[in-house]
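Presented below is the structure to which this report refers.
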Amino acid sequence: MLRTHTCGELRKEQGGQTVTVCGWVDSRRDHGGLVFIDLRDRYGKIQVVFDPQVSKDQVLHDAAGSLRNEDVLRVTGEVTLRGAKDINPKLPTGEIDIHAVTLEVLNRSKTPPFEPSTLNPPNEELRLKYRFVDLRRPRLQELVHFRHRLTKLIRDYFDREGFLDIETPMLGRSTPEGARDYLVPSRVHEGCFYALPQSPQIYKQILMVAGYDRYMQIARCFRDEDLRADRQPEFTQVDVEMAFVEREDILQVIDGLIIFAMKELRGEDYPPVTRLTYRDAMERYGSDKPDLRYGMELKDLGDIAANCGFGVFKNTLGAGGRVRGLCAPQAAAKYSRKNIDELTTFVADYKAKGLAFFRVTDTGLDSPIAKFFNETEQRAIIERFDAKAGDLIFCVADQPKVTSAALGALRGRLGKELKLFDPNQMHFAWLLDFPLFAWNEEEIRWDAEHHPFCNPHPDDVAFFETDPGQIRANSYDLIINGYEAASGSVRIHDPAVQQKVFDLLGINPEQAEARFGFLLEALRYGAPPHAGVALGLDRWVMLFTGCDNIRDVIAFPKTQKASDLLTGAPAAVDDKQLRELNIKVAPSGK
RNA sequence: GGCUCCGUAGCUCAGUUGGUUUAGAGCGUCGGCCUGUCACGCCGAAGGUCACGGGUUCAAGUCCCGCCGGAGUCGCCA
């Protein structure tokens with residue numbers, strides 16, 4: 001070891017000891033005579049003092065004067081207690097110094113593009129290009145450390161519950177459903193490709209058939225789709241599957257993990273996890289991933305608006321649409337007409353053709369369209385929302401789906417703008433009973449909402465012939481603070497049910513065999529009832545740490561265009577490599 | 001693929017309705033001074049293809065079009 005102690009661990013108890021520490025120059029304060037260096041490692045900072053009267057060494061003193069930020073040092077010296085007036089209460093090591101006797105410059109640093117100690121980090125492009133500097137920042141070190149603690153805790157938990165950690169291949173077979181695959185060409189098999197896993201879904205089901213009835217893996221997954229603040233092209237799932245279980249068993253295992261994590265990481269006793277159905281969520285919050293840290297629920301105004309004088313509402317209702325709204329508490333004074341116009345543009349992104357609003361006053365409703373509502377109707381609207389003077393009611397009249405999407409998004413935006421929740425709170429909720437199928441307007445057919453192996457709710461099997469849209473899936477999503485943080489389902493293990501699903505999806509037996517034959521074959525060799533779930537680890541870390549994007553909790557993330565600014569990936573490769581793979585690039589001409 | 005925002009010194013930013021000789025400030029960098037600082041201080045200096053390419057104009061950092069990069073979002077993500 002080049003050191004006897006880390007920079008962060010020394011305290012006054014080590015006073016008088018001669019120690020050797022290594023680290024980076026965080027800052028230097030050169031007084032001509034005295035030179036102070038703050039030496040930093042990931043455990044903290046310690047002040048090193050170069051005092052010519054103590055060392056009586058001109059060479060050492062000159063060397064100290066030549067130091068620059070981010071130089072890497074090895075320093076030996078005596079731990080000394082500071083005088084009372086020199087104590088720095090801002091640092092855990094602020095009661096001591098190291099008086100340097102020897103200094104070894106292990107490496108010089110170029111002037112960094114920004115200081116790790118900066119209070120005001122630069123733009124993300126620069127941070128990603130110089131990620132090795134960015135990762136020195138205490139905040140990022142904290143996030144990296146937190147991620148380690150969470151993954152350790154997750155492994156400990158599943159180990160204690162009897163789960164086996166089993167690795168599955170990264171080089172797999174492309175299956176046509178789902179997200180776009182990242183492909184890897186085969187050198188040995190001309191014209192053939194592996195696909196990187198979108199998730200270990202099929203392998204874990206096969207593991208159930210193979211008898212490993214409690215499986216978990218912290219698995220890297222790849223999806224070649226467009227990115228968001230909470231989506232990276234490669235991300236990490238905590239993948240879980242269990243055999244001989246029902247939905248309830250999966251929920252309880254994850255509930256146990258939530259309670260364990262909240263206790264260990266935050267010292268909180270987390271109450272039973274909220275559960276609500278997809279139908280309730282859409283009705284009350286307009287979203288299948290509502291932030292439940294606050295209320296501001298959506299209300300239906302169809303009965304009140306049915307006979308009102310406002311043509312837009314009446315006509316929409318007449319055409320099979322809905323009139324729904326929400327009430328933003330004490331927002332009337334905070335949103336000018338211009339702000340509301342901006343919100344109207346915002347909901348237009350969700351296909352809403354308009355956004356009606358009412359300011360609630362002591363006497364009734366104030367709005368350009370208030371005149372179309374008589375006193376009884378105005379009172380009914382106020383009662384529906386239990387509105388108070390100063391509140392601001394927004395309404396959308398449109399097709400049912402549009403009212404949900406627009407008001408759900410508006411609720412999310414207003415919740416943030418009005419600060420309706422404690423940003424440090426963690427709220428977990430299970431969303432249950434998603435529809436099994438979604439009608440695809442463009443392709444004029446049914447699509448699987450989750451995946452084609454998701455078991456239908458046992459009570460709904462009769463709907464296969466009558467109304468497939470009514471069939472509930474035996475599936476579940478875990479929502480944390482408005483983010484989908486886990487998703488799973490009970491799988492189909494009955495070939496007859498699987499056949500029904502394929503039939504409805506328009507996948508004939510030959511196609512099913514061609515696409516998923518290996519899984520279907522496995523399921524014919526004694527598949528136990530099984531169910532599973534996958535947690536989005538990056539999102540969990542993001543939410544636990546209060547970050548607003550997942551790049552900050554990934555050591556080496558990619559940009560929105562899936563580039564790695566540190567390494568320059570993706571990049572062109574040598575012709576020789578392409579020739580070996582029998583690949584020719586055909587430029588798109590763009 | 002659509003929409004929106006951003007790009008001025010190494011970094012963070014200012015730069016007015018397009019108009020004042022040489023585009024400014026703070027931090028950082030470089031040089032000098034400084035023995036208790038800890039965001040050390042003081043003095044001085046260097047540092048700019050205003051992302052890039054067109055256009056409008058007597059005049060463009062500023063307006064318009066395109067393009068590159070970054071971010072947010074809709075579509076997409078079983």
Side-chain angles (χ1 to χ4, degrees), chain A residues 26-39 45-54 61 65 68-70 80 82-91 93-94 97 99 110-115 117-130 133 175-181 198-199 201-202 221-233 235 342 345-351 405-406 409 412-413 434 436-438 440 442 446-454 473 475 484 487 489 501 505 507 515-516 534 536 548-549 551 558-561 563 565 590:
Chain A
D26 194 64
S27 69
R28 77 194 150 92
R29 292 173 293 279
D30 185 345
H31 288 222
L34 282 176
V35 177
F36 299 98
I37 296 291
D38 287 344
L39 201 63
K45 287 197 288 188
I46 181 83
Q47 176 164 275
V48 179
V49 183
F50 294 87
D51 185 338
Q53 286 196 330
V54 173
H61 194 252
R68 293 297 178 267
N69 284 351
E70 302 309 309
T80 55
R82 297 192 192 185
K85 72 176 171 54
D86 294 330
I87 287 174
N88 182 356
K90 288 188 231 164
L91 288 182
T93 60
D97 295 316
H99 273 83
K110 290 174 69 176
T111 301
F114 57 96
E115 303 289 337
S117 59
T118 184
L119 302 170
N120 189 16
N123 74 66
E124 206 167 341
E125 201 176 340
L126 196 78
R127 287 176 49 203
L128 292 177
K129 183 173 176 190
Y130 295 94
V133 176
T175 52
E177 267 68 27
R180 199 175 290 116
D181 285 321
Q198 296 175 24
S199 79
Q201 181 63 37
I202 288 174
C221 305
F222 304 84
R223 294 179 188 176
D224 186 5
E225 295 293 345
D226 287 348
L227 308 181
R228 290 288 185 281
D230 62 348
R231 277 165 28 189
Q232 280 275 298
F235 62 100
E342 220 282 298
T345 309
F346 173 73
V347 295
D349 281 350
Y350 301 88
K351 307 281 178 282
R413 175 167 169 167
F434 277 75
L436 187 61
F437 302 108
N440 185 328
E442 279 148 37
W446 292 100
D447 283 342
E449 185 80 19
H450 188 55
H451 60 60
F453 315 110
C454 178
S475 70
E484 181 191 318
S487 183
S489 64
V501 171
L505 293 173
I507 302 174
R515 293 178 186 184
F516 314 110
D548 56 11
N549 71 71
R551 294 183 300 277
K558 291 183 175 57
T559 68
Q560 200 169 69
K561 287 192 178 143
S563 308
L565 298 181
K590 268 188 278 186

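Order of the sequence lines fixes the chain letters, A, B, ..., with proteins taken first and strands second; residue numbering starts at 1 for each chain.
Distance check on atom C1': B:rA14 versus B:rG24 gives 7 Å, rounded to whole Å. Comparing B:rU8 with B:rG48, their C1' atoms sit 8 Å apart, to the nearest whole Å. For the C1' atoms, the distance from B:rU17 to B:rU62 is 11 Å, rounded to whole Å. For the C1' atom pair drawn from B:rA46 and B:rA9, the interatomic distance equals 11 Å after rounding to whole Å. Taking atom P in both B:rC68 and B:rC76, the straight-line distance is 25 Å, to the nearest Å.
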Per-nucleotide protein contact string for nucleotides 36-43 of chain B (B base, S sugar-phosphate only, - none; heavy atom under 4.0 Å): BBBSB---

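In this entry the distance linking CD of A:E342 with C1' of B:rC5 reads 12 Å, nearest Å. What separates CG of A:N69 from P of B:rC11 is a distance of 17 Å, to the nearest Å. Rounding to whole angstrom units, CZ of residue A:R228 and C1' of B:rG75 are separated by 8 Å. Between the CG atom of A:L227 and the P atom of B:rC76 there is a distance of 16 Å, rounded to whole Å. Here B:rU73 presents its P atom at 12 Å from CG of A:D226, a figure rounded to the nearest Å. Atom pair A:F346:CZ and B:rC74:P shows a separation of 8 Å (rounding to whole Å applied). Atoms CG (A:D447) and C1' (B:rC77) sit 13 Å apart, rounded to a whole Å. B:rA71 atom P lies 8 Å from atom CD of A:E125, rounded to whole Å.
The listed nucleotides are B:rG72, B:rC74, B:rG28; the one nearest the side chain of A:A229 is B:rG72. Out of B:rC76, B:rG28, B:rA71, the shortest distance to the side chain of A:E115 is found at B:rG28.
Residues satisfying the side-chain contact (heavy atoms from CB on, under 4.5 Å) test with A:N123, not counting sequence neighbours, are A:E125, A:L126. Every residue two or more places apart in sequence or in another chain that forms a side-chain hydrogen bond (donor to acceptor under 3.5 Å, both in side chains) with A:T80 is listed here: A:H99. Listed by chain and number, the residues in a side-chain contact (heavy atoms from CB on, under 4.5 Å) with A:L227 are A:P233, A:Q560, A:A562 (sequence neighbours excluded). With sequence neighbours left out, A:T111 forms a side-chain contact (heavy atoms from CB on, under 4.5 Å) with no residue at all. With sequence neighbours left out, A:Q232 forms a side-chain hydrogen bond (donor to acceptor under 3.5 Å, both in side chains) with no residue at all. Residues satisfying the side-chain hydrogen bond (donor to acceptor under 3.5 Å, both in side chains) test with A:N120, not counting sequence neighbours, are none. For A:R29, the side-chain contact (heavy atoms from CB on, under 4.5 Å) test picks out A:S27, A:H31, A:F36, A:D38, A:Q47, with sequence neighbours left out.
Counting heavy-atom neighbours within 6.0 Å of A:Y130 OH, excluding the residue itself, gives a total of 12 or less.
The phosphate of B:rG72 has OP1 or OP2 within less than 4.0 Å of a side-chain N or O from A:Q560. Contact annotation: A:R68 side-chain N/O to B:rC30 OP1/OP2 distance is under 4.0 Å. Look at A:N123 and you won't find any side-chain N or O under 4.0 angstrom from OP1 or OP2 of B:rA71.
Between A:E225 and A:R231 no salt bridge is recorded (no basic side-chain N to carboxylate O distance below 4.0 Å).
Across all strands shown, B:rC27 forms a Watson-Crick or G-U wobble pair with B:rG10, both key distances being under 3.5 Å. When both distances must be under 3.5 Å, the Watson-Crick or G-U wobble mate of B:rC42 is B:rG32. Pairing of B:rU17, defined by two Watson-Crick or G-U wobble distances under 3.5 Å, is not identified with any nucleotide. With a 3.5 Å ceiling on both atom-pair distances, the Watson-Crick or G-U wobble partner of B:rA71 is B:rU4. Nucleotide B:rA60 forms a pair with no other nucleotide shown, judged by Watson-Crick or G-U wobble geometry with both contacts under 3.5 Å.
Here the shortest heavy-atom pairing between A:S489 and A:H451 reads OG-NE2, 3.9 Å.
Checked by atom type and distance alone, the side chain of A:R82 never pairs as donor or acceptor with a backbone atom of A:I87 at under 3.5 Å.
Where A:K351 and A:T111 meet RNA chain B, the nucleotide closest to each residue was compared, and A:T111 sits on the side nearer the 5' end.
Within the 4.0 angstrom heavy-atom criterion, no nucleotide atom of any strand lies near A:T93.
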Anything under 3.5 Å between a protein N or O and an N or O of nucleotides 6-10 of chain B, put it in a table, one pair a line.
unit_1	atom_1	unit_2	atom_2	d
B:rG10	O2'	A:P113	O	3.3

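In the interface, the side chain of A:R231 is paired with the base of B:rC76 through a donor and an acceptor atom under 3.5 Å apart.
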